[in-house]
Amino acid sequence: MPTPRVIYWFRTDLRLHDSPALKAALDLSPEVLFPIWCWDSHYVYRARCGVNRWQFLLDCMNDVSASITKLNKKSQLYVLREPAVTILPKLFKAWGITHLVYEKDTDAYARERDVEVRRLAKEAGVEVVERMGRTLWDPDELVKANGGKPTMSMSQVQHAGAKVGEIQAVVETPTSLPDPGDLHLKKLEQQRPEVEPDINSQYREQDERSYDQGLAGPKKDFAPPTLEELGMPAATTPIKGGETVIWKRLHEEIFADEDYTGTFAKPNTSPAAFDPQSTCLTSPYLHFGALSVRYMYHKTEEIVERRKKAKKAVSEPPTSLTGQLLFRDMYFAAQAALGYAFGQTYNNPSCRFIPWHLPSKVSTSSKLITGSYEIDSEEAEVQFRRWRNGTTGFPWIDAIMRQLKQEGWIHHLARHAVACFLTRGGAYISWERGAEVFEEWLVDHEAACNIGNWQWLSCSAFYAQFYRCYSPVAFGKKWDPEGGYVRRYVPELKDMPKKYIYEPWKAPLVDQKKAAVRVDGDGSEEEKDGVKLYPKPMLDFNKQREVCIEGLKTAYRVKLYGNSRQVLDGTWKELFDDTAEGPTEGKMGGPGGLDTWDDAEGFGHDEDDGEGEQPVKKEKKPAASSPKATRGHKRERSQGTLDGAFKKKAK
DNA sequence: GCCAGGTTGATGGT
DNA sequence: ACCATCAACCTGGC
């Protein structure tokens with residue numbers, strides 16, 4: 001057996017502390033170790049990653065690279081400007097690799113990529129070593145312990161977690177690293193093919209920009225790129241990425257304040273607090289793996305246990321700090337169980353079907369569904385744009401959306417406020433449209449959590465109390481009666497009297513004049529006759545609230561899910577007509593999703609919904625006129641980008 | 001089948 | 001700060 005020559009492939013784990021995968025790599029006692037990042041994964045081949053998250057990723061890369069160099073002057077993070085599936089086979093050969101080691105990633109897209117990578121490794125005689133380090137428990141094991149079903153509630157996670165066993169202990173941080181070997185850059189660059197397979201030609205333009213710089217970048221030093229190299233403008237977020245950044249803050253500020261850590265209760269933290277924010281803001285570091293979630297969990301538990309012994313107050317899950325981490329695991333496991341379908345309503349057995357005024361792009365791109373919506377979606381489209389722009393005319397909503405765009409981060413409850421407002425508590429627009437905006441702008445965007453939370457807030461899954469509705473006026477007022485948060489992020493209202501700060505359209509003209517702002521228009525103009533403008537509200541909230549609740553009531557009565565037959569074949573609409581009164585007997589067209597791919601896995605929602613229809617299990621393929629209808633679309637919401645590209649190549 | 005509980009509503013009372 | 005009420009969803013335990 002030759003001495004191991006190892007590639008350590010960084011993906012979701014830009015850290016050196018508490019990394020089970022890195023430890024596994026070092027436990028091989030390798031002769032050489034190449035720490036690499038491939039120009040791959042979600043960050044190149046994706047439609048939507050805003051500049052702020054890009055910057056945060058680059059911060060994390062630079063930081064971990066510097067930490068590597070500290071342990072071994074000859075080493076660094078080698079950022080390769082080529083996707084894993086094409087560069088890895090070449091590296092295996094050129095570097096004489098025996099082992100490929102990485103942290104397990106259960107993201108739907110990552111799984112598909114990694115299946116291909118395993119195949120390529122096998123072909124090259126390279127052993128793959130994979131370790132879980134991204135969540136408290138392995139999402140696949142949580143799902144298994146949950147009866148093979150997606151985890152849809154906190155109690156399910158806690159029960160399944162108890163079955164899986166103790167959360168893995170923290171592993172030690174390496175104090176030294178092996179040398180990397182000769183990189184053979186010239187040889188590798190000569191071998192560079194025209195990018196084959198052509199993974200997602202739709203992102204071609206962006207790819208080419210980086211390929212033009214060569215495999216090792218403009219300076220041939222394998223350094224992380226700059227935003228300039230990527231052709232992007234400067235970032236606007238004040239949040240700085242990197243393991244050392246969060247490590248310092250975690251110990252010097254968060255854990256150092258044991259009262260804060262030990263009694264943390266999410267619902268009691270203010271969404272209107274800024275500078276500093278009311279929560280610990282660890283999410284983006286967890287996302288990029290710059291902070292280990294298990295380290296955070298164990299350290300928090302240590303503090304909580306110490307306080308318990310001292311008979312000091314502590315908080316408990318789900319509202320405590322560790323409770324927040326449990327929710328994260330819940331969403332990861334739900335995603336692991338559902339794969340690509342988790343990211344959309346269409347063909348998702350866990351997601352309730354609600355006929356939003358502005359449907360998702362998947363719905364509208366499906367021939368089966370287009371045309372079935374008769375609602376004035378043009379008005380909804382305008383409302384969507386105003387929501388995105390932060391010009392809804394509701395200062396609380398607009399302040400949040402503007403903070404999100406500028407800084408890439410908003411408080412959890414602020415996310416609730418704007419998500420509820422966009423979907424079931426205001427504009428009645430599909431959660432998928434909102435999720436896309438968060439995906440682009442959040443520095444902490446985690447596909448599983450973002451998707452899960454949008455389903456939660458829109459009452460599509462996880463949560464059902466749709467009559468609990470956030471008011472765009474009252475909710476902000478409750479947390480911030482003076483309106484300081486609004487004044488900070490909607491500066492045109494900074495001198496508006498407190499009385500009108502959440503409802504400026506009610507301010508008499510004389511007050512508007514004093515505040516040097518005119519409440520008028522739809523947000524398309526910033527100024528008129530030399531006076532600053534703030535838009536009038538884009539909808540009557542109290543009226544819309546009624547419309548939304550009625551809509552949700554109907555949708556819950558009709559009881560269709562994303563994989564119901566009527567959703568897949570586009571005949572759902574008749575079920576929503578004439579549903580105003582009475583029970584639903586006889587109105588439903590039969591169980592919905594019994595004949596879709598999900599049923600093989602046994603967790604459709606349709607088998608037990610009573611209502612007295614005969615099971616139509618027998619009719620194998622429904623009246624789907626397109627193969628899309630049964631296989632479902634894959635989306636690019638950070639899951640799913642490779643689609644057919646791999647498969648073609650695999651043959 | 002009943003009933004309590006569900007991380008984070010709003011309002012109007014004390 | 002702590003109620004009840006509004007209307008009424010689902011899940012989980014018995």
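In what follows, chains are A, B, ... by sequence order, proteins preceding strands, each numbered from 1.
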(message) Treating A/His287 as the side-chain partner and A/Ser283 as the backbone partner, does any N or O pair qualify as donor plus acceptor under 3.5 Å?
(response) no
(request) Kindly confirm or rule out a cation-pi arrangement of A/Arg424 over A/Phe466, judged by NZ or CZ under 6.0 Å from the six-membered ring centre and within 45° of its axis? (result) no
(request) Taking only the side-chain heavy atoms of A/Ser155 (C-beta and beyond), determine which of B/dT11, C/dC9, C/dG12 contains the nearest atom. (result) C/dG12
(message) Can you classify the ring geometry of A/Phe438 versus A/Trp387 as parallel (below 30°), tilted (30 to 60°) or perpendicular (above 60°)?
(response) parallel
(message) In this structure, how many angstroms lie between the P atom of B/dG9 and the NZ atom of A/Lys478, rounded?
(response) 6 Å
(message) Would you measure the distance from the C1' atom in B/dG6 across to the matching atom in C/dA7 and give it in whole Å?
(response) 16 Å
(request) Please measure how far the P atom in B/dT7 lies from the corresponding atom in C/dG13, and state the result in whole Å. (result) 13 Å
(message) Return the pairing partner of B/dT7 with a 3.5 Å limit on both distances, Watson-Crick or G-U wobble; otherwise return none.
(response) none
(request) With heavy atoms under 4.0 Å as the rule, sort A/Arg424 into base, sugar-phosphate or nothing. (result) nothing
(request) Consider the side chain of A/Pro318, meaning its heavy atoms from C-beta on, and name the nucleotide among B/dT8, B/dA10, B/dT7 that approaches it most closely. (result) B/dT7
(request) Name the nucleic acid region contacted by A/His411, choosing base, sugar-phosphate or nothing; use a 4.0 angstrom heavy-atom cut-off, strictly under. (result) nothing
(message) By nearest atom, which of the nucleotides B/dT11, C/dC9, B/dG9 is closest to the A/Ala474 side chain?
(response) B/dT11
(request) Tell me what A/Phe327 touches on the nucleic acid: a base, only sugar-phosphate, or nothing, going by heavy atoms under 4.0 Å. (result) base
(message) Without decimals, in angstroms, what is the distance between A/Gln465 CD and C/dT11 P?
(response) 12 Å
(request) Whole angstrom is fine here: how far is it from CZ in A/Phe462 over to P in C/dG12? (result) 13 Å
(request) Send over the distance from A/Met330 CE to B/dT7 C1', rounded to a whole Å. (result) 10 Å
(message) Heavy atoms from C-beta onward define the side chain here; which of C/dA7, C/dC9, B/dT8 lies closest to that of A/Lys266?
(response) B/dT8
(message) Output the rounded distance in Å from NZ (A/Lys559) to P (C/dC9).
(response) 11 Å
(request) Please report, rounded to the nearest Å, how far the C1' atom of B/dT7 is from the CG atom of A/Leu325. (result) 13 Å
(message) Aromatic contact between A/Trp454 and A/Phe462, with the criterion being ring centroids under 6.0 Å apart: yes or no?
(response) no
(message) Once you apply a heavy-atom cut-off of 4.0 Å, does A/Tyr467 come out as touching a base, just sugar-phosphate, or nothing?
(response) base
(request) Looking only at side-chain atoms of A/His412, point me to the closest of B/dT7, C/dC10, B/dA10. (result) B/dT7
(request) Write down the distance separating the C1' atoms in B/dC2 and C/dC6, rounded off to the nearest Å. (result) 23 Å
(message) Please name the nucleotide paired to C/dA8 by Watson-Crick or G-U wobble geometry with both distances under 3.5 Å, or report none.
(response) none
(message) What's the closest nucleotide to the side chain of A/Phe466 if the choices are B/dT11, B/dG9, C/dC9?
(response) C/dC9
(message) Are A/Phe56 and A/Tyr285, when compared by the centres of their aromatic rings, separated by less than 6.0 Å?
(response) yes
(message) Checking contacts here: which listed nucleotide (C/dG12, B/dT7, C/dC10) is nearest the side-chain heavy atoms of A/Ser153?
(response) C/dG12
(message) Against A/Leu136, only a single residue in A/Leu142, A/Val293, A/Val164 fulfils side chain to side chain contact (heavy atoms under 4.5 Å, CB included); can you say which?
(response) A/Val293
(message) Checking contacts here: which listed nucleotide (C/dA8, B/dA10, C/dC9) is nearest the side-chain heavy atoms of A/Lys553?
(response) C/dA8
(request) For C/dG12, take OP1 and OP2 only and decide whether either is under 4.0 Å from a side-chain N or O of A/Gln156. (result) yes
(message) Considering every strand and a 4.0 Å limit on heavy-atom distances, what is the contact class for A/Trp479: base, sugar-phosphate, or nothing?
(response) nothing
(message) Are more than 12 heavy atoms, taken from residues, nucleotides or ligands other than A/Lys405, located less than 6.0 Å from that residue's NZ atom?
(response) no
(request) Would you mind reading off the distance between A/Leu560 atom CG and C/dC9 atom P, rounded to a whole angstrom? (result) 17 Å
(request) Figure out the CZ/P separation between A/Phe475 and B/dA10, and round it to whole Å. (result) 6 Å
